Peer 1: 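Attaching a single structure in C-alpha cells format; questions to follow.
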Amino acid sequence: MPSATKMAETKAAICIAAVAAMIHVVCAADYIVGDPTGGWQGRTDYKSWAAAQSFAPGDTLTFKYSAYHNVVEVTADDYEACSTANPVSFDNSGLTTVALTAPGKRYFICGGPGHCQNGMKVEVDVADRPAPAAPSSPPQLPPSPLPPAPAPAAEPPRHAGHKRHKKWCSPPKPAPALAPVVQSSESYLPLAAVAPMSSPTPPAPMSSDAVAVWHSKWGGATLGLLALWFAVLPL
C-alpha cells in the first residue's frame with residue numbers, strides 16, 4: 001500500500017492541477033467584436049477597439065452580424081489588400097466564434113463588396129499569457145515514527161531443582177581407573193595357617209629289636225611282590 005507521504009503528495013498534485021485548470025478557465029475571456037458601441041458592421045473603429053483589449057491564448061472572438069456581412073480570416077498580405085482570394089476560413093452564419101489558441105496575430109475582414117475598404121477589418125494580436133507561477137512543492141511530511149521494538153521477554157528465574165536436573169542430565173564423568181588391590185594371602189588363611197611352622201621333631205632312634213621286626217615285616221612283602229612280578233611277566 002502507498003505510504004501516507006506519497007498519498008499526500010498525490011493529493012497535492014491533483015489539487016494543483018485542478019486549481020491551474022480553474023485559473024485558466026476563469027482567466028479566459030470571450031470578446032464580442034465591436035462591443036460596446038456595436039457589433040460586426042461598418043460603423044466601428046476596429047483598430048481602436050482591438051488596441052483596448054488584451055487577447056491571450058484561450059480567449060475567443062465572437063462576431064455578430066447581419067445577412068449582409070460575413071467573416072473571412074486571411075493572411076497579413078491579404079488583410080492589407082482586402083483580398084478574399086485565399087481565405088484561411090469563411091463563415092456567414094451571422095454568429096461566428098473564433099478560438100484564439102496560440103500567441104500571434106490573426107487577421108479578419110468582411111468579404112462583402114467594398115466592406116473591407118470601408119474599415120470592416122480587424123487585426124487581433126494574441127499575446128503570450130505568462131504562465132502562472134508554479135506553487136512550491138508541498139512540504140515533505142516527516143516519516144511516521146516506527147513503533148518501538150518490543151523488549152525481549154525476561155527469562156523465568158531458575159530454581160535450585162532446575163539446576164540439579166540439568167546436572168543430572170549431563171553425561172556421567174568416567175570413573176577414575178582403580179589401582180589393582182593386592183590382598184595379602186594372609187587374609188584368606190587363618191592366623192594358625194600362616195604362623196611359622198616349628199621344625200618337626202626327629203624320630204627317636206629305633207632299637208635293635210624294632211629293626212629286626214621291621215626287616216621281617218617289609219622283607220616278606222618285598223619277596224611277595226617280586227614273586228608276583230615274575231609270575232605275571234610271562235603273560
Side-chain angles (χ1 to χ4, degrees), residues 2-141:
S3 62
T5 302
K6 290 185 178 180
M7 292 181 64
E9 291 178 355
T10 303
K11 290 181 179 179
I14 294 174
C15 292
I16 292 172
V19 170
M22 293 176 62
I23 292 174
H24 177 74
V25 172
V26 171
C27 293
D30 178 38
Y31 296 92
I32 299 176
V33 179
D35 271 357
T37 57
W40 187 235
Q41 34 73 29
R43 295 186 302 272
T44 303
D45 183 2
Y46 293 104
K47 185 175 183 180
S48 299
W49 175 86
Q53 314 303 326
S54 297
F55 304 105
D59 295 343
T60 55
L61 298 176
T62 299
F63 295 84
K64 295 179 179 181
Y65 49 94
S66 65
Y68 299 101
H69 304 292
N70 54 45
V71 178
V72 183
E73 184 175 1
V74 295
T75 62
D77 293 340
D78 289 344
Y79 179 82
E80 296 296 334
C82 287
S83 173
T84 59
N86 299 301
V88 176
S89 64
F90 173 83
D91 185 53
N92 60 354
S93 63
L95 182 63
T96 303
T97 300
V98 178
L100 305 177
T101 58
K105 292 184 178 182
R106 307 278 294 272
Y107 304 94
F108 303 92
I109 64 174
C110 179
H115 293 185
C116 177
Q117 289 80 358
N118 292 330
M120 202 171 174
K121 55 191 299 187
V122 60
E123 176 183 338
V124 176
D125 187 5
V126 183
D128 188 6
R129 188 195 307 272
S136 58
S137 58
Q140 298 293 333
L141 298 177

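Quick caveat: nothing in here was measured; it's all calculated off a predicted structure.
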Peer 1: Do Leu95 and Thr62 touch side chain to side chain, with heavy atoms closer than 4.5 Å?
Peer 2: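 Leu95 vs Thr62: side chains touch.
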Peer 1: Indicate yes or no for a side-chain donor-acceptor contact from Ser83 to the backbone of Ala85 under 3.5 Å, with no hydrogens or angles considered.
Peer 2: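 At least one qualifying donor-acceptor pair exists.
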Peer 1: Is Arg106 salt-bridged to Glu73, going by a charged N under 4.0 Å from an acidic O?
Peer 2: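 Between Glu73 and Arg106 there is a salt bridge, with a charged N closer than 4.0 Å to a carboxylate O.
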Peer 1: Do Met120 and His69 come close enough that some side-chain heavy atom pair is under 4.5 Å?
Peer 2: yes
Peer 1: To check you understand the geometry: which heavy-atom pair defines the closest contact between Cys110 and His115, and what is its length?
Peer 2: SG-ND1, 3.3 Å
Peer 1: So, for Ala28 and Gly58, which heavy atoms are closest and what is the spacing to 0.1 Å?
Peer 2: CB-O, 3.5 Å
Peer 1: Could you go step by step and tell me if Asp77 and Thr75 meet the side-chain hydrogen bond (donor to acceptor under 3.5 Å, both in side chains) rule?
Peer 2: CA-CA 6 Å; Asp77 293 340; Thr75 62; 5.4 Å; no
Peer 1: Could you tell me if Lys121 sits above the aromatic ring of Tyr79, with its cationic atom closer than 6.0 Å to the ring centre and no more than 45 degrees from the axis?
Peer 2: yes
Peer 1: What class does the angle between the rings of Trp49 and Tyr31 fall in, given that below 30° is parallel, 30 to 60° is tilted and above 60° is perpendicular?
Peer 2: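 The arrangement is perpendicular - the two ring planes meet at more than 60°.
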Peer 1: For Val72 and Pro87, work out which heavy atoms get closest and say how close.
Peer 2: CG1-CB, 3.6 Å
Peer 1: Looking at CG of Leu61 and CG of Asp30, how far apart are the two atoms once the value is rounded to the nearest 0.5 Å?
Peer 2: 8.0 Å
Peer 1: Take atom OH in Tyr68; do more than 12 heavy atoms of anything else shown fall under 6.0 Å from it?
Peer 2: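 No, the 6.0 Å shell around OH holds no more than 12 heavy atoms from other groups.
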Peer 1: Report yes or no: does Tyr65 contribute a side-chain atom to a donor-acceptor pair with the main-chain N or O of Gly94 at less than 3.5 Å?
Peer 2: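 It does hold such a pair.
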Peer 1: Check whether the ring centres of Phe108 and Trp40 lie less than 6.0 Å apart, and answer yes or no.
Peer 2: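 Judged by ring-centre distance (under 6.0 Å), Phe108 and Trp40 do not meet the cut-off.
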Peer 1: For Thr101 and Pro57, work out which heavy atoms get closest and say how close.
Peer 2: O-CB, 3.8 Å
Peer 1: For Asn118 and Gly114, which heavy atoms make the closest approach, and how far apart are they?
Peer 2: ND2-O, 2.9 Å
Peer 1: Please name the pair of heavy atoms, one in Ile109 and one in Cys116, separated by the smallest distance, quoted to 0.1 Å.
Peer 2: CG2-SG, 3.7 Å
Peer 1: Under a 3.5 Å distance rule, please check whether Asp125 uses its side chain to pair with a backbone N or O of Lys105 as donor and acceptor.
Peer 2: no
Peer 1: Between Asp59 and Ala29 (side chain of the first, backbone of the second, donor and acceptor by atom type, cut-off under 3.5 Å), is there such a pair?
Peer 2: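 Flag set: sc Asp59 to bb Ala29 pair under 3.5 Å.
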Peer 1: Any side-chain to backbone donor/acceptor pair from Gln41 onto Gly39? Under 3.5 Å, distance only.
Peer 2: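 Yes: the side chain of Gln41 pairs with the backbone of Gly39.
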Peer 1: Report yes or no: does Gln53 contribute a side-chain atom to a donor-acceptor pair with the main-chain N or O of Phe55 at less than 3.5 Å?
Peer 2: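 No; zero donor-acceptor contacts below 3.5 Å.
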